[in-house]
Asker: 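Before I ask anything, here is the structure I am working with.
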Amino acid sequence: MQLRSRKLDLSNLDGHEEGLLDEDENPLLEDDDDDDEVQIRKPPKSRFGGDGKNIAVLLFLYVLQGIPLGLAAAVPLILTNRNVSYKQQAEFSFAYWPFSVKLLWAPIVDSLFIKKFGRRKTWLVPVQYCIGITMLILAQNVDHYLDITDVFSLTCMFFFLNFLAATQDIAVDGWALTMLKRENVGYASTCNSVGQTAGYFLGYIFYMALESYGVLTLKDFLNFWAVIFIIATSLVAIFKRESDNEIEDEEDLGIIGTYKMLLKILFLPLMPTTVAFLLTSKIGFSAADSVTGLKLIEAGVPKAKLAMLAVPLIPLQIVLPWIISKYTTGPRPMDVFLKAFPCRLVMGLVFAWIVYVTPQFQLEDGTFPLHYYALVVFIYALHQVAFYSMFVAIMAFFARISDPAVGGTYMTLLNTLTNLGGNWPATLALWSVDQLTFKRCDFTKPSNITDGNICDGANQVKECEDNGGKCSTEVDGYYIESIVAVIFGLFWLIVWGWRTVNRLQNAQEKDWRVVKNRC
């Protein structure tokens, strides 16, 4: 028996596998001459659903994106060695802001492009060339800025570098939605997590290790990555093409139309609940995530040692997203989020405990034994499991619900909201520590202070010390807000969060679409 056949792509049809069909759209049959039985021939399944090369490209682009982030994270440690004030450190923190406000220019990136060159490559290629050039310029001046502790110039340069990296992120996030098959978009979050972590490691931990051994300077490192960016961008520009289907899959709205589309996304019936969820889901972790590291340093743990503790966690951070992605590529990625949420809340109490017992581990010479650092690494490793479970799950959820017609803007809106949902509680937590802390000035000799024994603010601390006293903490606000944050997180999850997450996850795909005729 012989059948004429033609290959059809069934990747977008629900309930079917990709395979060979005859002209009547029946599975291709194979005649067995020996026993006259008809057998169904199943095509072999390729790894990553046929998107292996595209996943590799996305992973590589996210690695490049993590390099500027890692370099920016290394600068505060370098400045610390030059005895800059915390006010100047706060000034440099503005260099991280572009990733939190990239929504402001995302519609421009999403709407202006050269069709023949590619919707995403129109921005990706020139932006990555600019990153390479900026690194070359910064390399020629960075030693001078550091020698004179010109924090303002460093902040401006790294702000611009992160602005370019954030713009690259917009382009890559949008490209992932059309570069990958619809059933494989969950891998985009894995590429994001693994790639940025690897790039951050290279730009921060790897550089700090090389610099500490005198292998190279920051100038050398910037020059090296500038060349890598220029070469890699040229390869992407020449060899990676955007197919016509990828470009046509997204709406060409123009700048004004894209901003209007952004408002249309915000006015979707599901979006107010989504916004409330994203802006409140991280309150329970705010004290643990933003204050714990500072409290460990305050307890005597050296900053350099604390930073190097991230090294053994890097392999875990790279492997975890790939493992977790097995459970988040299906239709219910937020199930993983809900299971990890209470575990991460518990880690907040564990962090408070390790801060409390840290002084007990300190040796007479002010150092800490090896088993203390092993304990800290173990606790942070447990935290990373819960953290990445939630991160990969929510990124997979974003990729699933985002409308490909306005992919870059949609994804950037969701990412901006989740970033803001982490930033404002962290800022509040840092601000609240001093408000909830009570310190008393203890004297070993008579004092001339007339304002009582309370140490409240830098002036009173200085006055206490000038008069021979020492401020001792009676009530540490960190422990108070740690407990309050965990209680709030549990209340949020039980009363509102669990039900809301399931309702959003169970919503139909069409309910998230802004271009209704493309459902």
Side-chain angles (χ1 to χ4, degrees), residues 64-105 108-109 123 126-170 196 199-230 232-233 290 293-294 297 303-304 306-307 310 419 423 426-427 430 458:
L64 292 181
Q65 185 185 121
I67 299 298
L69 295 174
L71 286 171
V75 171
L77 290 182
I78 300 174
L79 292 175
T80 299
N81 293 333
R82 286 164 170 76
N83 299 317
V84 302
S85 66
Y86 281 102
K87 181 179 179 181
Q88 289 174 299
Q89 293 276 21
E91 179 184 338
F92 183 79
S93 69
F94 282 98
Y96 305 111
W97 279 41
F99 274 85
S100 296
V101 295
K102 61 184 179 179
L103 180 64
L104 297 177
W105 65 92
I108 299 175
V109 177
W123 288 91
V127 161
Q128 290 195 170
Y129 275 132
C130 285
I131 292 177
I133 294 172
T134 302
M135 285 183 171
L136 287 175
I137 296 174
L138 182 57
Q140 306 309 312
N141 299 277
V142 68
D143 289 340
H144 173 69
Y145 295 150
L146 291 173
D147 288 340
I148 64 174
T149 60
D150 187 354
V151 178
F152 177 77
S153 296
L154 285 171
T155 302
C156 292
M157 292 296 292
F158 276 94
F159 181 93
F160 182 65
L161 200 60
N162 280 335
F163 167 78
L164 295 172
T167 305
Q168 189 254 30
D169 184 45
I170 298 170
Q196 278 196 5
Y200 185 87
F201 169 79
L202 293 172
Y204 175 42
I205 304 298
F206 186 63
Y207 161 70
M208 292 299 295
L210 294 177
E211 193 270 343
S212 64
Y213 287 105
V215 177
L216 47 71
T217 63
L218 183 57
K219 176 181 179 179
D220 299 328
F221 201 68
L222 285 167
N223 279 325
F224 171 78
W225 280 108
V227 174
I228 294 297
F229 263 90
I230 292 173
T233 303
S290 60
L294 298 178
I297 294 173
K303 294 180 181 179
L306 195 61
N419 287 336
N423 287 339
T427 300
L430 288 168

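Everything numeric in this text was worked out from a predicted model, so none of it was measured. Positions are given from 1, in the same order as the sequence printed here.
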Asker: Quick check: closest heavy atoms across A166 and W105, and the distance to 0.1 Å?
Answerer: CB-CZ2, 4.0 Å

Asker: Write down the atom of Y145, the atom of S153, and the distance for their closest heavy-atom approach.
Answerer: CE2-CB, 3.6 Å

Asker: Can you classify the ring geometry of F163 versus F160 as parallel (below 30°), tilted (30 to 60°) or perpendicular (above 60°)?
Answerer: parallel

Asker: Working to the nearest 0.5 Å, report the span between CG of L216 and CZ of F224.
Answerer: 9.5 Å

Asker: Whether the side chain of N162 engages the backbone of A95 through a donor-acceptor N/O pair (distance < 3.5 Å, no angle test) should be reported.
Answerer: yes

Asker: Can you tell me how far the OG1 atom of T155 sits from the CZ atom of F152, to the nearest 0.5 Å?
Answerer: 8.0 Å

Asker: Step by step, would you call L218 with L146 a side chain to side chain contact (heavy atoms under 4.5 Å, CB included)?
Answerer: CA-CA 10 Å; L218 183 57; L146 291 173; 4.2 Å; yes

Asker: Nearest heavy-atom pair of F229 and G132: which atoms, and what distance?
Answerer: CB-CA, 4.0 Å

Asker: Got a sec: does the CZ of F206 have more than 12 other heavy atoms crowding it under 6.0 Å?
Answerer: no

Asker: Just how far is it from atom CD1 of I228 to atom CG of L64, taken to the nearest 0.5 Å?
Answerer: 9.0 Å

Asker: Test side chain to side chain contact (heavy atoms under 4.5 Å, CB included) on D169 and Q196; report intermediate values, then the result.
Answerer: CA-CA 10 Å; D169 184 45; Q196 278 196 5; 4.3 Å; yes

Asker: Using atom types as modelled and distance alone, determine if a side-chain donor or acceptor of N223 lies under 3.5 Å from a backbone N or O of K219.
Answerer: yes

Asker: Can you check side chain to side chain contact (heavy atoms under 4.5 Å, CB included) on K102 and V109, steps first, answer last?
Answerer: CA-CA 10 Å; K102 61 184 179 179; V109 177; over 6 Å; no

Asker: Indicate yes or no: at least one non-hydrogen side-chain atom of Y129 is less than 4.5 angstrom from one of I230.
Answerer: yes

Asker: Applying side chain to side chain contact (heavy atoms under 4.5 Å, CB included) to F158 and L161, what does each step give before you reach the verdict?
Answerer: CA-CA 5 Å; F158 276 94; L161 200 60; 4.1 Å; yes

Asker: Decide yes or no for T217 and L222: does some side-chain heavy atom of the first lie under 4.5 Å from some side-chain heavy atom of the second?
Answerer: no

Asker: Looking at Q65 and A165, what are the two nearest heavy atoms and their distance?
Answerer: CG-O, 4.0 Å

Asker: Would you compute the distance between atom SG of C156 and atom CG of L138 and round it to the nearest 0.5 angstrom?
Answerer: 11.5 Å

Asker: Hey, are the side chains of M157 and N141 touching, using non-hydrogen atoms and a 4.5 Å cut-off?
Answerer: no

